[in-house]
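Notes follow once the structure below has been shown.
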Amino acid sequence: MKLSQKALKAINTPGTRRRLMDVLGCTEFTIARYIQKNSDNLTKAAALQVIREVTGLPDEEILEAANK
């Protein structure tokens with residue numbers, strides 16, 4: 001699974017990147033790279049919880065099939 005473009009745009013803010021850093025235990029540079037490459041690491045349970053809270057989007061709008 002990958003994140004939708006809508007979700008990627010919504011989470012690409014300094015505050016959200018900091019929250020993702022905390023839950024994934026990595027640097028802001030790494031989070032920025034994850035967003036740029038639409039990394040599978042952004043679909044980990046802890047990251048998805050932050051994304052749901054920040055964006056208010058349902059899973060259907062956050063996730064899309066990787067082969068799209």
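Owing to the predicted nature of the structure, the values given are computational and were not obtained by experimental measurement.
- In this structure, Arg19 CZ and Thr13 OG1 are separated by 9.5 Å, a value rounded to the nearest 0.5 Å.
- Distance check: Leu3 CG to Ile11 CD1 gives 5.5 Å after rounding to the nearest 0.5 Å.
- Between the CZ atom in Arg17 and the CG atom in Asp22 there is a gap of 13.5 Å [rounded to 0.5 Å].
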Where do Glu61 and Lys6 land on the side chain to side chain contact (heavy atoms under 4.5 Å, CB included) test, with the steps shown first? CA-CA 8 Å; Glu61 292 184 40; Lys6 183 176 185 178; 2.7 Å; yes
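- Of the residues listed (Leu42, Leu63, Asp40, Leu8), the one engaging Lys2 in a side chain to side chain contact (heavy atoms under 4.5 Å, CB included) is Asp40, and it is the only one.
- Between the CG atom of Leu20 and the CD1 atom of Ile35 there is a distance of 6.5 Å, given to the nearest 0.5 Å.
- You'll find the side chain of Thr30 stays beyond 4.5 Å of the side chain of Leu24, heavy atoms only.
- Formation of a donor-acceptor pair under 3.5 Å by the Thr55 side chain with backbone atoms of Ile51 is found in this model.
- Taking CZ of Arg33 as the start and CG of Asn38 as the end, the distance is 13.5 Å to the nearest 0.5 Å.
- Taking NZ of Lys44 as the reference point, atom OG of Ser39 lies at 8.0 Å (rounded to 0.5 Å).
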